[in-house]
There are 2 protein chains.
Amino acid sequence: MAESARPTSRDVARQAGVSQATVSLVLGGKWRGRVSERTAEAVRQAAGELDYRPNLAARSLRLGRTRTALLVVPALTHEYFARVYAGAARVAEENGFGVVLYPSPEGIGPARDPFGSARAAIDGVIASSMAADALAGIGDGGLPLVMLDSGPGAPDGPPTVDLAVADGIRQVVRHLLGLGHRTITHIASDVDTWTFRIRAQTVREELAGVPGVLLRTERCALDVEPARQAAVRALSAPGPRPTALLCDGDVLAAGACKAARALGLAVPHELSVSGFDDLSLALAVDPELTSVRLPAEEVGAQGMRALLALLSGRPVPPCELPVTLVARGSTAPAP
Amino acid sequence: MAESARPTSRDVARQAGVSQATVSLVLGGKWRGRVSERTAEAVRQAAGELDYRPNLAARSLRLGRTRTALLVVPALTHEYFARVYAGAARVAEENGFGVVLYPSPEGIGPARDPFGSARAAIDGVIASSMAADALAGIGDGGLPLVMLDSGPGAPDGPPTVDLAVADGIRQVVRHLLGLGHRTITHIASDVDTWTFRIRAQTVREELAGVPGVLLRTERCALDVEPARQAAVRALSAPGPRPTALLCDGDVLAAGACKAARALGLAVPHELSVSGFDDLSLALAVDPELTSVRLPAEEVGAQGMRALLALLSGRPVPPCELPVTLVARGSTAPAP
DNA sequence: TCCGGGAAGTTGTACGTATAACGTGACGGT
DNA sequence: ACCGTCACGTTATACGTACAACTTCCCGGA
C-alpha cells in the first residue's frame, strides 16, 4: 500500500504467474487463440488488484503513435470553439484518444509552433477557422490534418468539415425580405476567413437581384464595442436609414442592439437585428436574438472522426453540416 | 527531403560527428565543462539542419515525468474557465509544460477517470471550483494537486489559489446600500461549491446588522432562463418588492434583466441588478452590468505556478487574489 | 620520469511496452 | 514409432532519451 511507484506490466505478470508478454497480449485485447481463457482471466484479475495502468509514454514510444490530437482554434473564450472542443473531446474519448488544445489566432507553423515548446507529441491536427496560410507546412509536413470551417478544399487536400454557412445566410436574408425589409446593412466581421468571406458573398448574391433593395456594409472587429460603433455608423449614415442590421455573429448583434437603444430606436419594431452562431448570448440579451444555430459540437465530433479515419487510412468524404434559422424577438416586420 | 521518419538524436549525432550522448548533453543544456563550445555549436547546427525535435514519449519514459498538467474545470463553455485555462496555459508554456483539459462538472476520481481512457500521463492536477469530494483520492493518491476557487484548505492540504470573493460581495453590498437600496433579493446559484457558499454567507453577514434591510433569497441553476424565472418569483413575491437584485453571476443578472423588462420594470431606474464575474456578457447586455471583475487568467497562472513549485518541492503559500467592483449602468439609486 | 587530475567525450544501460520469433508439450494420424 | 500440428506461452528486442560510469588525452608539478 505504501509502494508509491506505479505498477508495471511486469508486476502484473509476476502477480499472475505469467510473463510480461502475456500480460501485454491479454490487456492489449489481441490474444484470441494465443492465451487460454483461464490465464487471461488471471491476468485481468492481477491487473485489477494492482490497479495497473499502462505507461502511456512507453506505449507511445513503442508504437510510434501517441493517440493524441491537436485542436487549433483561434480563441477558446469564444463559446463556439469551446463547443467544438467538447464535441471533438467526446469522440476522442470514445476512441481512446486525447485532445490537446492550442488556441492561437495566428494558426501554427514555423512562427507559432506547438510542437517544440508547447510540447505534446501529436498524431494529427484539427484546425478550425484558420486561414489557409496559417497552417503552412502542416498538411504536407507529414502530419495528418483536418480542417474545420475553412471551406471545401481540393479533393486531394486535407479532409474538411464545414457548416452550410451560405445556406444559413440565405435563410436570414429571406427571413428579413419576408418581413418587408429593403434597406439592410450587413454588419460584417473584419476577420478574413472562409466563413466570413462566404457570408459576405452570400449576402450580396441573395440581395443582388431583388428590386428595391439597398444593401450597405459596415466592417468591424469581432467584439461588442466595435460592433456598437459600426452600427452607429450604419444608422447615422446619409441616405435612407436601414430597417434591418444583418450581423455576422451574435456578439456583433448584441453591439448593434446597444447602438439602436442609444439612438432611441426600438428593437425590433423600429429596427430588426439578426445574429449568427446562436450562442448562449442570444438568449441572454433582450430581446432574444434571431440567429442561426450551428451544430458546433457536431463540427468538432465530425472533425475528430475524420482525423481518426485519416489515421487508419480510410477515405474521408468531405462533410457539410446543416444549420437552422431560429427566429426570435429581435426581428419584426419593417416599419 | 523525402525521408518521412523524424530524425532522432542519433541522426543528429551522426551528422555532427559525435556520439548520441553528446547531443543529449548539449541539447539538454547541462554541458558546461563537459563539452567544448566548438562541439556544442556543431551539434546545435546539425540539429537545426535536420530540424530535430526530441521525442517526448521517449523523454517522458526516461525521466518518469511528462511535463504535462491536467486542468479540471466544471465546463469550458463558461467564459471564466476558458480564461483560467488561458492563464494556466501561458505559464505552462513559459516553463516547457503542457496543459490538458478535463471538463467535468463532477470532478474526477474512481467514477470519472481521465487517466485510463482519457489518457494523458500527468505530472499533477489543477482543479477549479470542485467540491472537495469530487477529487477523491487524487491529492493523497500520490498525484500533486492544486485547488482553485475552493477556499482556503488545511495547512497540510493541497495548495490553494482563491479569489477574494467575500470582499467582492462586500463591495457589491455596500454599493447597493450606498445607492439607498434596502429591499434586496439575492439571486443565488444552486451549485454547492465554496465560491457560492461564501457569496451567500457574505451577503447575509453584511446585511445582518443594517437597520431597515429586508433580504430574501431565490436560488436557481446557473443559466439565463432559470435566473429569469427566479427573478420573476422575486419580483412578484408578497411583501415589498425588492429594489435591487444581487445576482451570483453575470449570466444570472442577464436573466434578471429580462424578467424586469417583461414585468415592465426599467433597469436601473426602477430596479437595480448587479452581476458577478465581469464576463464579456456584462458589456453585451443593455444596460451594461455592474459586476465584479475577477482576474481569471491570473487564477490559472497562479495555479500553474503553484503546481510547478509543488513539483520542485518548493513551499507553496496559499494565495488570494483581489477582485474589483465595476459599477455600470445596471445599478442606480433606489426609487 | 612518473603520476595526479581535469577537460572532453564515449560506452552502456534503463525507462515500460508491444510484438516478432521462437519453444514445448500433447495429441492424432499413418 | 515418428512427425506434423495446434494450443499456449516465453524470450528477446527495439522504440529514443538521459545520465552514470568509464575512457582518453594532455598538461603541469615533483
Side-chain angles (χ1 to χ4, degrees), chain A residues 3-44 46-47 50-67 96 115-116 119-123, chain B residues 3-44 46-47 50-67 96 115-116 119-123:
Chain A
E3 41 174 351
S4 58
R6 276 176 49 171
T8 74
S9 60
R10 216 178 310 268
D11 297 323
V12 175
R14 196 176 313 126
Q15 171 104 351
V18 297
S19 75
Q20 179 268 331
T22 304
V23 172
S24 185
L25 284 174
V26 171
L27 268 35
K30 35 195 68 168
W31 53 283
R32 289 303 132 84
R34 316 256 304 129
V35 178
S36 72
E37 179 57 50
R38 218 162 56 89
T39 308
E41 187 49 38
V43 168
R44 278 189 290 259
L50 295 179
D51 190 30
Y52 166 72
R53 313 287 174 80
N55 180 315
L56 297 170
R59 175 178 289 174
S60 294
L61 177 58
R62 176 66 232 257
L63 295 178
R65 294 171 299 119
T66 58
R67 299 188 77 78
F115 306 112
R119 40 130 343 85
I122 296 298
D123 282 349
Chain B
E3 41 176 350
S4 58
R6 275 176 47 171
T8 74
S9 59
R10 216 177 307 270
D11 296 324
V12 176
R14 197 175 310 125
Q15 172 104 351
V18 297
S19 75
Q20 180 269 331
T22 303
V23 172
S24 185
L25 283 175
V26 172
L27 267 37
K30 36 194 69 169
W31 52 284
R32 289 304 132 83
R34 317 254 307 126
V35 178
S36 72
E37 178 58 50
R38 218 163 56 88
T39 308
E41 188 47 41
V43 167
R44 278 190 289 260
L50 295 178
D51 191 29
Y52 166 71
R53 313 288 172 78
N55 180 316
L56 296 170
R59 174 177 288 174
S60 295
L61 178 57
R62 175 68 232 256
L63 295 178
R65 294 170 298 120
T66 57
R67 298 188 78 78
F115 307 112
R119 43 129 342 85
I122 295 298
D123 282 349

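By convention in this document, chain letters (A, B, ...) are assigned in the order of the sequence lines, proteins followed by strands, and residues within each chain are numbered from 1.
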(request) Whole angstrom is fine here: how far is it from CZ in A:R67 over to P in C:dT17? (result) 16 Å

(request) Look at the side chain of B:V35 and decide which nucleotide, out of C:dG9, C:dT10, C:dG16, has an atom nearest to it. (result) C:dG9

(request) For A:R34 and for A:Q20, locate the closest nucleotide of DNA chain C by heavy-atom distance; then report the residue assigned to the nucleotide nearer the 5' terminus. (result) A:Q20

(request) For B:T8, answer base if it contacts any base atom (sugar-phosphate contacts may also be present), sugar-phosphate if it contacts only those atoms, and nothing otherwise; contact means non-hydrogen atoms under 4.0 Å. (result) sugar-phosphate

(request) Round to the nearest Å and state the distance from A:E41 atom CD to D:dC8 atom P. (result) 16 Å

(message) Without decimals, in angstroms, what is the distance between B:L63 CG and D:dG16 C1'?
(response) 12 Å

(request) Could you tell me which non-hydrogen atom of A:R67 sits nearest to which non-hydrogen atom of A:G96, and how far apart they are? (result) NE-O, 3.3 Å

(request) Kindly give the heavy-atom pair with the smallest separation between A:W31 and A:A40, and that separation in Å. (result) CZ3-CB, 3.7 Å

(message) Can you tell me which nucleotide in C:dT17, D:dT11, D:dC19 comes closest to the side chain of A:S19?
(response) D:dT11

(message) Is there a side-chain contact between A:T39 and the phosphate of D:dG9, meaning an N or O under 4.0 Å from OP1 or OP2?
(response) yes

(request) Please state how far atom CG in B:N55 lies from atom C1' in C:dG16, giving the value in whole angstrom units. (result) 14 Å

(message) As a test of reading the structure: which of C:dG9, D:dT17, C:dT17 is closest to the side chain of A:S9, going by heavy atoms?
(response) C:dT17

(message) Rounded to whole Å, please give me the gap between CH2 in A:W31 and C1' in D:dT10.
(response) 18 Å

(message) Classify A:S36 by what it touches in the nucleic acid, base, sugar-phosphate, or nothing, heavy-atom distance under 4.0 Å.
(response) sugar-phosphate

(message) Rounded to whole Å, how long is the line connecting atom CG of B:L56 with atom P of D:dC15?
(response) 18 Å

(message) How many whole angstroms separate atom CZ of A:R10 from atom P of D:dT10?
(response) 13 Å

(request) Run the salt-bridge test on B:R44 and B:E41 with the 4.0 Å N-O cut-off and return the result as yes or no. (result) yes

(message) Judged by each residue's nearest nucleotide on DNA chain D, which is more toward the 5′ side, B:L25 or B:L61?
(response) B:L61

(message) With side-chain contact (heavy atoms from CB on, under 4.5 Å) as the test, pick out the partner of A:V43 among A:V35, A:L25, A:V23.
(response) A:V23

(request) Identify the two heavy atoms, one from A:A47 and one from A:V12, that lie closest to each other, and give their separation to 0.1 Å. (result) N-CG1, 3.8 Å

(message) Please report the distance, rounded to the nearest Å, between CZ in A:R65 and P in D:dA14.
(response) 20 Å

(request) May I ask you to evaluate whether A:T22 reaches the phosphate of D:dT10, defined as a side-chain N or O under 4.0 Å from OP1 or OP2? (result) yes

(request) With the side chain of A:Y52 defined as its heavy atoms from C-beta on, choose the nearest nucleotide among D:dG16, C:dT19, C:dT17. (result) C:dT17

